[in-house]
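Below, chains carry the letters A, B, ... as their sequence lines are ordered, and counting in each starts from 1.
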Amino acid sequence: LGIEIDPEQNEVRALKRVTNWRRERVAEIGCGDGRLTLRLARLGAFVHAIDPDAKLIRTARTKLPKRFAKRIRYHVGEAEHLDFANESFDLAVFAWAL
Amino acid sequence: MVHALREAHRVLKPNGILVDLRPALVHRRVGIERAGRFRQLGRMYESLDDDRKANRSVALVLRAGLFNVEWRTQFDCRRVMDSLSDFRTFVDEFAALGTDVPPHDWLIQRVQRALETRGSAKKIVVRGPLMMNVLRKRDVGA
(Lines give C-alpha, C1' and ligand atoms only; values in the text may rest on other atoms or scores of the structure.)
Protein backbone atom coordinates (compact mmCIF):
# COMPACT_ATOMS: atom_id res chain seq x y z
CA LEU A 1 0.00 0.00 0.00
CA GLY A 2 1.54 3.34 -1.05
CA ILE A 3 0.50 5.23 2.01
CA GLU A 4 2.57 7.50 4.17
CA ILE A 5 1.33 7.60 7.75
CA ASP A 6 1.92 10.61 9.96
CA PRO A 7 4.56 12.39 7.84
CA GLU A 8 4.66 15.19 10.45
CA GLN A 9 5.80 12.64 13.08
CA ASN A 10 3.21 13.85 15.61
CA GLU A 11 3.25 10.31 16.95
CA VAL A 12 6.96 10.57 17.78
CA ARG A 13 6.47 13.94 19.44
CA ALA A 14 3.77 12.42 21.67
CA LEU A 15 5.93 9.38 22.46
CA LYS A 16 8.85 11.61 23.46
CA ARG A 17 6.64 13.12 26.14
CA VAL A 18 6.11 9.67 27.73
CA THR A 19 9.69 8.99 28.83
CA ASN A 20 13.30 9.12 27.78
CA TRP A 21 13.29 6.00 25.62
CA ARG A 22 17.07 5.67 25.50
CA ARG A 23 18.12 2.13 26.52
CA GLU A 24 14.61 1.32 27.75
CA ARG A 25 13.44 -2.25 27.18
CA VAL A 26 10.18 -2.11 25.24
CA ALA A 27 7.59 -4.72 24.25
CA GLU A 28 5.72 -3.47 21.21
CA ILE A 29 2.55 -5.49 20.91
CA GLY A 30 0.94 -5.62 17.47
CA CYS A 31 3.89 -4.22 15.57
CA GLY A 32 2.58 -5.07 12.09
CA ASP A 33 5.23 -4.35 9.48
CA GLY A 34 7.40 -2.48 11.99
CA ARG A 35 6.54 1.10 11.08
CA LEU A 36 6.40 2.29 14.69
CA THR A 37 9.12 -0.14 15.79
CA LEU A 38 11.67 1.77 13.77
CA ARG A 39 10.50 5.04 15.29
CA LEU A 40 10.92 3.59 18.81
CA ALA A 41 14.41 2.31 17.96
CA ARG A 42 15.34 5.75 16.63
CA LEU A 43 14.40 7.12 20.05
CA GLY A 44 17.02 4.77 21.50
CA ALA A 45 14.85 1.94 22.83
CA PHE A 46 15.59 -1.79 22.69
CA VAL A 47 12.41 -3.22 21.19
CA HIS A 48 10.93 -6.71 21.19
CA ALA A 49 8.21 -6.31 18.57
CA ILE A 50 5.44 -8.90 18.44
CA ASP A 51 2.70 -9.61 15.92
CA PRO A 52 0.55 -12.69 15.22
CA ASP A 53 0.87 -12.25 11.45
CA ALA A 54 3.98 -14.15 10.27
CA LYS A 55 3.84 -12.49 6.87
CA LEU A 56 4.00 -9.00 8.40
CA ILE A 57 6.89 -10.07 10.65
CA ARG A 58 8.77 -11.35 7.58
CA THR A 59 8.20 -7.97 5.90
CA ALA A 60 9.38 -6.15 9.03
CA ARG A 61 12.56 -8.26 9.20
CA THR A 62 13.26 -7.57 5.52
CA LYS A 63 12.92 -3.82 6.06
CA LEU A 64 15.05 -3.76 9.21
CA PRO A 65 18.03 -1.44 8.64
CA LYS A 66 21.37 -2.87 9.75
CA ARG A 67 21.95 -0.05 12.21
CA PHE A 68 18.95 -1.21 14.22
CA ALA A 69 19.70 -4.93 14.05
CA LYS A 70 20.93 -5.04 17.65
CA ARG A 71 18.10 -2.89 18.95
CA ILE A 72 15.09 -4.67 17.43
CA ARG A 73 13.93 -8.27 17.69
CA TYR A 74 10.80 -9.33 15.80
CA HIS A 75 8.66 -12.22 17.07
CA VAL A 76 5.55 -13.97 15.82
CA GLY A 77 3.27 -14.22 18.82
CA GLU A 78 -0.08 -13.51 20.43
CA ALA A 79 -0.69 -10.51 22.66
CA GLU A 80 -2.55 -12.77 25.09
CA HIS A 81 0.42 -15.14 25.53
CA LEU A 82 3.69 -13.24 25.49
CA ASP A 83 6.71 -15.49 25.56
CA PHE A 84 8.63 -13.33 28.03
CA ALA A 85 9.42 -13.54 31.73
CA ASN A 86 7.47 -11.64 34.36
CA GLU A 87 8.58 -8.05 34.92
CA SER A 88 11.03 -8.00 32.03
CA PHE A 89 10.08 -4.71 30.28
CA ASP A 90 10.21 -1.03 31.19
CA LEU A 91 7.43 -0.21 28.72
CA ALA A 92 4.73 -2.00 26.76
CA VAL A 93 3.35 -0.29 23.66
CA PHE A 94 0.12 -1.25 21.95
CA ALA A 95 0.65 0.32 18.57
CA TRP A 96 -2.75 0.64 16.88
CA ALA A 97 -3.30 -2.86 18.23
CA LEU A 98 -5.78 -2.73 21.07
CA MET B 1 -8.27 -7.24 24.67
CA VAL B 2 -8.48 -7.43 28.46
CA HIS B 3 -6.30 -10.57 28.35
CA ALA B 4 -3.70 -8.72 26.28
CA LEU B 5 -3.67 -5.84 28.79
CA ARG B 6 -3.30 -8.29 31.68
CA GLU B 7 -0.43 -9.99 29.85
CA ALA B 8 1.25 -6.63 29.32
CA HIS B 9 0.86 -5.99 33.06
CA ARG B 10 2.60 -9.32 33.76
CA VAL B 11 5.67 -8.58 31.64
CA LEU B 12 6.04 -4.97 32.83
CA LYS B 13 8.51 -4.20 35.59
CA PRO B 14 7.11 -2.62 38.75
CA ASN B 15 6.14 0.95 37.96
CA GLY B 16 6.43 0.18 34.23
CA ILE B 17 4.53 2.16 31.63
CA LEU B 18 1.88 0.96 29.19
CA VAL B 19 1.29 3.10 26.09
CA ASP B 20 -1.99 2.56 24.25
CA LEU B 21 -1.74 4.39 20.93
CA ARG B 22 -4.52 4.11 18.36
CA PRO B 23 -6.96 6.05 16.21
CA ALA B 24 -9.42 8.11 18.22
CA LEU B 25 -13.11 7.25 18.25
CA VAL B 26 -14.10 9.47 15.32
CA HIS B 27 -14.82 8.90 11.64
CA ARG B 28 -11.93 9.84 9.39
CA ARG B 29 -12.14 12.81 7.04
CA VAL B 30 -11.08 12.30 3.44
CA GLY B 31 -9.98 15.01 1.08
CA ILE B 32 -7.56 16.29 -1.46
CA GLU B 33 -4.52 18.30 -0.57
CA ARG B 34 -3.10 20.70 -3.09
CA ALA B 35 -0.30 23.17 -2.38
CA GLY B 36 -0.63 22.39 1.32
CA ARG B 37 -4.38 23.11 1.45
CA PHE B 38 -6.85 20.41 2.47
CA ARG B 39 -10.27 20.27 0.82
CA GLN B 40 -12.63 17.80 2.47
CA LEU B 41 -14.62 15.52 0.16
CA GLY B 42 -16.38 13.38 2.70
CA ARG B 43 -16.25 11.35 5.84
CA MET B 44 -15.69 7.62 6.13
CA TYR B 45 -18.32 5.55 7.90
CA GLU B 46 -16.03 2.80 9.14
CA SER B 47 -17.10 0.64 12.07
CA LEU B 48 -15.90 2.00 15.41
CA ASP B 49 -16.97 -1.09 17.37
CA ASP B 50 -13.41 -2.32 17.97
CA ASP B 51 -12.40 1.12 19.26
CA ARG B 52 -15.32 1.09 21.69
CA LYS B 53 -14.32 -2.41 22.83
CA ALA B 54 -10.75 -1.22 23.37
CA ASN B 55 -11.96 1.70 25.48
CA ARG B 56 -14.07 -0.67 27.58
CA SER B 57 -11.09 -3.00 28.06
CA VAL B 58 -8.88 -0.15 29.25
CA ALA B 59 -11.63 0.95 31.65
CA LEU B 60 -11.86 -2.63 32.99
CA VAL B 61 -8.15 -2.96 33.83
CA LEU B 62 -8.20 0.48 35.43
CA ARG B 63 -11.16 -0.57 37.58
CA ALA B 64 -9.32 -3.79 38.44
CA GLY B 65 -6.50 -1.67 39.82
CA LEU B 66 -3.83 -2.96 37.43
CA PHE B 67 -2.87 0.49 36.17
CA ASN B 68 -3.23 4.18 36.95
CA VAL B 69 -3.76 6.76 34.23
CA GLU B 70 -0.66 8.97 33.97
CA TRP B 71 -2.07 11.12 31.18
CA ARG B 72 -4.03 11.06 27.97
CA THR B 73 -3.66 13.03 24.79
CA GLN B 74 -5.03 13.30 21.27
CA PHE B 75 -3.31 14.67 18.18
CA ASP B 76 -3.77 14.94 14.43
CA CYS B 77 -2.55 12.22 12.09
CA ARG B 78 -2.54 12.33 8.30
CA ARG B 79 -2.39 9.35 5.98
CA VAL B 80 -1.15 10.50 2.58
CA MET B 81 -1.70 8.61 -0.67
CA ASP B 82 -0.61 9.33 -4.23
CA SER B 83 -3.08 7.27 -6.23
CA LEU B 84 -6.71 6.24 -6.33
CA SER B 85 -5.75 2.56 -6.16
CA ASP B 86 -3.94 3.22 -2.85
CA PHE B 87 -7.08 4.87 -1.49
CA ARG B 88 -9.25 2.03 -2.77
CA THR B 89 -7.04 -0.49 -0.94
CA PHE B 90 -7.22 1.64 2.20
CA VAL B 91 -11.04 1.66 2.06
CA ASP B 92 -11.19 -2.06 1.29
CA GLU B 93 -9.15 -2.81 4.40
CA PHE B 94 -11.80 -1.09 6.52
CA ALA B 95 -14.56 -2.98 4.76
CA ALA B 96 -12.78 -6.22 5.63
CA LEU B 97 -12.87 -5.35 9.34
CA GLY B 98 -16.63 -5.56 9.79
CA THR B 99 -19.79 -6.70 8.08
CA ASP B 100 -21.75 -3.57 9.01
CA VAL B 101 -19.46 -1.16 7.15
CA PRO B 102 -21.44 0.64 4.41
CA PRO B 103 -19.90 0.78 0.94
CA HIS B 104 -17.73 3.81 0.22
CA ASP B 105 -18.06 3.81 -3.59
CA TRP B 106 -19.52 7.33 -3.45
CA LEU B 107 -16.40 8.55 -1.68
CA ILE B 108 -14.05 6.79 -4.09
CA GLN B 109 -15.93 8.43 -6.99
CA ARG B 110 -15.64 11.86 -5.38
CA VAL B 111 -11.90 11.38 -4.89
CA GLN B 112 -11.56 10.19 -8.49
CA ARG B 113 -13.40 13.26 -9.82
CA ALA B 114 -11.27 15.58 -7.69
CA LEU B 115 -8.09 13.93 -8.95
CA GLU B 116 -9.23 14.34 -12.56
CA THR B 117 -9.71 18.09 -12.32
CA ARG B 118 -6.95 20.18 -13.78
CA GLY B 119 -4.41 21.86 -11.57
CA SER B 120 -1.23 21.30 -9.64
CA ALA B 121 -0.20 17.98 -8.11
CA LYS B 122 -2.69 16.55 -5.65
CA LYS B 123 -2.48 14.07 -2.81
CA ILE B 124 -5.28 12.07 -1.25
CA VAL B 125 -5.28 12.72 2.47
CA VAL B 126 -7.17 10.91 5.21
CA ARG B 127 -7.25 12.84 8.45
CA GLY B 128 -8.22 11.43 11.81
CA PRO B 129 -6.78 12.05 15.23
CA LEU B 130 -4.80 9.50 17.19
CA MET B 131 -5.25 9.07 20.91
CA MET B 132 -2.72 7.94 23.44
CA ASN B 133 -3.34 6.55 26.92
CA VAL B 134 -0.28 6.43 29.14
CA LEU B 135 -0.85 4.06 32.06
CA ARG B 136 1.44 3.29 34.98
CA LYS B 137 1.57 -0.26 36.32
CA ARG B 138 0.26 -0.67 39.84
CA ASP B 139 1.56 -3.45 41.98
CA VAL B 140 -1.58 -5.53 42.58
CA GLY B 141 -0.21 -6.84 45.87
CA ALA B 142 0.57 -3.35 47.14
Visitor: Counting only heavy atoms closer than 4.5 Å, note whether A:R13 contacts chain B via side chain, backbone, both or neither.
Guide: neither

Visitor: Name the region of B:S57, side chain, backbone, both or neither, that has any atom closer than 4.5 Å to a heavy atom of chain A.
Guide: neither

Visitor: Would you mind telling me which of B:V134, B:L130, B:L135, B:I124 has the largest number of heavy-atom pairs within less than 4.5 Å of chain A?
Guide: B:L130

Visitor: Given a strict heavy-atom distance threshold of 4.5 Å, which part of B:K137 is in contact with chain A: side chain, backbone, both, or neither?
Guide: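 For B:K137, the side chain is the part near chain A, not the backbone.
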
Visitor: Who among B:H3, B:R22, B:R78 has the most heavy-atom pairs with chain A under 4.5 Å?
Guide: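 Of B:H3, B:R22, B:R78, B:R78 has the most heavy-atom pairs under 4.5 Å with chain A.
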
Visitor: Hey, which of B:K53, B:E70, B:R79 has the most heavy atom pairs under 4.5 Å with chain A?
Guide: B:R79

Visitor: What closest approach, in Å, do B:I17 and A:V18 show between heavy atoms, and which atom pair accounts for it?
Guide: CG2-CG1, 4.0 Å

Visitor: Give the interface residues of residues 44-71 of chain A toward chain B, defined by a heavy-atom separation under 4.5 Å.
Guide: none

Visitor: With a 4.5 angstrom heavy-atom cut-off, is it the side chain or the backbone of A:I5 that approaches chain B, or both, or neither?
Guide: both

Visitor: Let's test your reading of the structure: which of B:D82, B:D76, B:V2 forms the most heavy-atom pairs below 4.5 Å with chain A?
Guide: B:D76

Visitor: Side chain, backbone, both or neither: which part of A:E11 has a heavy atom under 4.5 Å from chain B?
Guide: both

Visitor: List, by chain and number, the other hydrophobic cluster members for B:V26, where Ile, Leu, Val, Met, Phe, Trp and Tyr join if side-chain heavy atoms come within less than 4.5 Å, directly or indirectly.
Guide: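 Grouped by the 4.5 Å side-chain rule, B:V26 forms a cluster of one, so the answer is none.
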
Visitor: With a 4.5 angstrom heavy-atom cut-off, could you sort out which part of B:M1 is near chain A: side chain, backbone, both or neither?
Guide: both

Visitor: Only heavy atoms, only distances under 4.5 angstrom. Which residues in residues 75-98 of chain A are near chain B?
Guide: A:A79, A:E80, A:H81, A:L82, A:F84, A:A85, A:N86, A:E87, A:S88, A:F89, A:D90, A:L91, A:A92, A:V93, A:F94, A:A95, A:W96, A:A97, A:L98

Visitor: Is A:L36 close to chain B through its backbone or its side chain, or both, or neither, when contacts mean heavy atoms under 4.5 Å?
Guide: side chain

Visitor: B:D86 and A:G2: which non-hydrogen atoms are nearest, and at how many Å?
Guide: OD2-O, 3.0 Å

Visitor: Heavy atoms, side chains only, cut-off 4.5 Å: are A:N10 and B:C77 in contact?
Guide: no

Visitor: Can you confirm whether B:R39 is buried at CZ, in the sense that more than 12 heavy atoms of other residues, nucleotides or ligands lie under 6.0 Å from that atom?
Guide: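 No, the 6.0 Å shell around CZ holds no more than 12 heavy atoms from other groups.
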
Visitor: Give every residue pair that meets the ring pair (Phe, Tyr, Trp, His ring centres under 6.0 Å) criterion with at least one member in residues 52-79 of chain B, sequence neighbours excluded.
Guide: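 Of all non-adjacent pairs touching residues 52-79 of chain B, those that pass ring pair (Phe, Tyr, Trp, His ring centres under 6.0 Å) are B:H9-B:F67.
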
Visitor: Counting only heavy atoms not in A:K16, do more than 12 sit closer than 6.0 Å to its NZ atom?
Guide: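 Incorrect, the count does not exceed 12.
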
